[in-house]
Each structure stands twice: as structure tokens, then as C-alpha cells.
Amino acid sequence: MTYRPATTLIHGETERTPYGETSEAVFLTSGFVYDDAEQAEATFAGEVTHYQYSRFGNPTVAAFERRMAALEGAEACRATATGMAAVNAAMLSHLKSGDRVVASRALFGSCHWIVSTLLPRMGISYDFVDAADMDGWRRALSTPAQLVLLETPSNPMLDVVDIQAVSDLAHEAGALVVVDNVFATPLLQRPLELGADVVVYSATKHIDGQGRVLGGAVLGRQKWIEETLQPFVRNTGPSLSPFNAWTLLKGMETLSLRVDAACTRAAALADYLADAPGIARVWYPARRDHPQHALAMRQMTAGGTLVTFELAGGKPAAFRFCNALRLIAISNNLGDSRSMVTHPATTTHMRIGAEERARLGITDGVVRLSVGLEDLADLQEDISGALRASALRQPAAPLAAAPLCDAAPLRAAPLFAAE
Ligand SMILES: *Cc1c(COP(=O)(O)O)cnc(C)c1O
């Protein structure tokens, strides 16, 4: 029986022990014992199914993997200790010296490092393409490649890549298409249905979503997971702790409610910010003024839980804004029930350098807001208070004495498409 996502998140692929527990059992064990030497031999020969060692597989981790696969509509899933372990395993298990990778330029910092620093050390070359540059994708994929890595929407500028079009080009070039679907979550975007081969997650983000554990997942076809990914995971050991798998299963039960609530708040705050004083620009995929709005709404069912905006006063204004927030925390994490802001230019994207930041549009005034589950009015008041403080302490700014936010009520998202 196939259920809808909100139901699958709670009941998908449930397997109970003979005790009939309501919630999944935590098998916090590193290893497993055999009835006799013959059973051990048959297990290692692959003739009988029996857990061997939690680096290879564990019942609680398997419960998380089965539920993730059911949610994503994937044939198989392998869980990993972190999101980066998932990205790394998906790439290194598939690639070898002499191969070529094509990736979207706007990648999560550590994904960027793997592609641009680690892979070249192993004789794997790469090309970056700007998310929206379809001619660039066509050019890059007119020569053979073995893997394409996409992040959409991207961190932090929320650029959108056309998954279907790039997957088609990638397949012609002979490449496996890997989509980092963290920003969209499994609920808002389904890359496998758009032609991607593999989806990776940092489960640390929305799937836990409550600031507790790190985790990751790689999803794809059974044959690729079993023959390509699993030997890599089994022998290199980026395995997920059973306790963390259990925590992630608990996170999944409320994922749909949390993502819905955060998206509603993010959409309202994006509209509020777009009209707020001191804000030069807002990026949010569900707003009509997002440069790729039509594409975003074709491949996503909502705008997501992140809003990026640029303060007109550059870094000083951005810092004053962040420091004046009382409720919203300064943190580089995202997808949490707590709302968080980060200043990418001086944190997550400091290492890529000024030139690459300029290329990606990450100016010194850019702030990324991960919208949580607090009351929308409290979030709006916190933001309006911080904008006021940011403007007031900036003597040269024309906005100095303009407490306009107080009077600006949250609007009912008039800029949103009606889907
Ligand atoms: C956080 C994140 C990762 C890495 O996940 P970890 O769990 O922190 O290792 C990879 N990609 C994206 C888009 C992320 O947001």
C-alpha cells in the first residue's frame, strides 16, 4: 500500500519486533551473534540474511533507510553519519581517476571543497556551471562526464537548476546525476521523478530539524546502491549511529507539519522583507520576482524554508541587523525549528574568496534566514526591531529615522503564485 507523504513519514515500512512496540526500537548494538558457526559462514557467504556488524547494517538504521526510500519513491537508501558523508560516498564510490565531474557552481561549502580540491588530487577533473546558465550546461555536457552534482535551490542565494533539462544533458554525456536536495526537503521537490539518478540529504537539517543529531542519506536505484555505494560504505565506515537513526525516525514523524509551517512563515517573511526599509533585495523561489520563479514553481511545490536578503548598508548594516535580533539566533545551521540567520560572506562562504563570492552574488550585505516554527508575529517583530536598530545606528543612511516597520502589517502574500 502506497500512502501519501505525511502518512509515509509516520508509518512507512514499519517492522515491529515480537514485542509489538509502538515506536521503533533502538538497536544500540555494534555487532550481532550467530546461532552457530554454520550460520556465521552462511551469513558471510550471503546465503542467509542476518545482521553482521553495524558498520554494514543495523535494524534501526535499516528502518530509517526503508522509510526514507518509501518517502522519496527510491528503490533503495543507504544512511550515513552526516550529509557530507552522503555526498562524499555518492561521489567517491562512483568515480575513479581520469573521470570528469560537472557541478553547479553554487554548492554547499564542503561539497565545493570535495569537487574543487579533493577530486583533482585523485585525478578527477571538474567544471562548474552557473545554475541558470543552460548554454553553460549544454557546453559542459557536450563532452563526456561521469557524474553531475546539483544543488537546487542553492545555498545561500537560492539559485534554481532545471533538474529535468540538466539530467537529460547529463545522461547524453554518460553521467550519473546526483542532486543535493537539502534545501527543498523530500516533501517539496522529487528529483528522481525529474530524471535524477541519486538524491542525497543532510538529515541533520529538516529531517531531524530540532538541533539534535547529524545524519545523511543517499537514495537511488537498488543496483547502484548495492553494487556501487554499499561496498564503499561497508568498507570505509561512514555509518549512521543507530541512536541517531532513531532520532531521525522521530524527526520524520513531524517533518511534513514542520516543513509546511516553516514554508508558510518563510513566504510571509519574504514578502514582509521585500517592502521593509533598509532591504535592497529579497530572494525567495515562490516570489514572482525570483529570477527563476517559473522554473522553481514547476519543480517545487512551495518556496522552501529559507529566505535570503541583502541589506542596503552592506556588512555594517548586516552585522548590526544580526546583532540586534533577540529571538532569531545567529547560527550557520538551517532547517531547524528555531529560526536562524547567518552572514554567508564571513562564515559559510568565507573560504571560497571574494572573487567566487562576487560570482555567486554573495555580497557583504547578504543575510540568509532559516525560518523556524516560532509564531510569525514574533518573528516579524524581531526582524522589524533589528532593521530599525540597524538603520538607526547608521548615521549616513537616509533611513536613519524611519521606523517604517512598525506600521507595516504582514501582508497576505500577494506576490505568490496561486498554486
Ligand atoms: C548541511 C548541508 C550539507 C552537509 O550536511 P552535514 O550533515 O552538515 O554533513 C550538504 N549539503 C547541503 C545543501 C547542506 O545544507
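What you see is a predicted model; the values in this text were computed from it and never measured. Remember, it's 1-based here, ligands and their atoms both numbered in the order they're listed. Along the sequence shown, the residues carry numbers beginning at 1.
For atom 9 (O) of ligand 1, the closest non-hydrogen atom of the protein is Met84 N, 2.8 Å. Nearest to atom 2 (C) of ligand 1 among the protein's heavy atoms is Lys205 NZ, 2.5 Å. Closest to atom 6 (P) of ligand 1 among all protein heavy atoms lies Gly83 N, 3.3 Å. For atom 11 (N) of ligand 1, the closest heavy atom belonging to the protein is Asp180 OD2, 2.7 Å. In this structure, the protein non-hydrogen atom closest to atom 4 (C) of ligand 1 is Phe108 CE2, 3.5 Å.
Among Phe44, Tyr34, Phe32, the single residue meeting the ring pair (Phe, Tyr, Trp, His ring centres under 6.0 Å) criterion with His50 is Tyr34.
At least one cation-pi condition fails for Lys205 and Tyr201: the charged atom is not both under 6.0 angstrom from the six-membered ring centre and inside a 45 degree cone around its axis.
Residue contacts with ligand 1: Asn155 is excluded, as none of its non-hydrogen atoms falls under 4.0 Å.
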Yes or no on side-chain hydrogen bond (donor to acceptor under 3.5 Å, both in side chains) for Gln52 and Thr43, after CA distance, side-chain angles and deciding distance?
CA-CA 8 Å; Gln52 294 156 277; Thr43 302; over 6 Å; no
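Closest approach of Glu310 and Thr363 over heavy atoms only: OE2-OG1, 2.6 Å. Between Thr152 and Val160 the shortest heavy-atom distance is OG1-CA, 3.3 Å. For the pair Val102 and Ala145, the tightest heavy-atom approach, listed with the atom from each and the gap, is CG2-CB, 4.1 Å.
For His94 and Phe232, the ring centers sit 6.0 Å or farther from each other.
The shortest N/O to N/O separation between Cys111 and ligand 1 does not fall below 3.5 Å. Not a single N or O atom of Val182, backbone or side chain, sits closer than 3.5 Å to an N or O atom of ligand 1.
Atoms of ligand 1 lying under 4.0 Å from at least one heavy atom of Glu151, given by number and element, are 13 (C).
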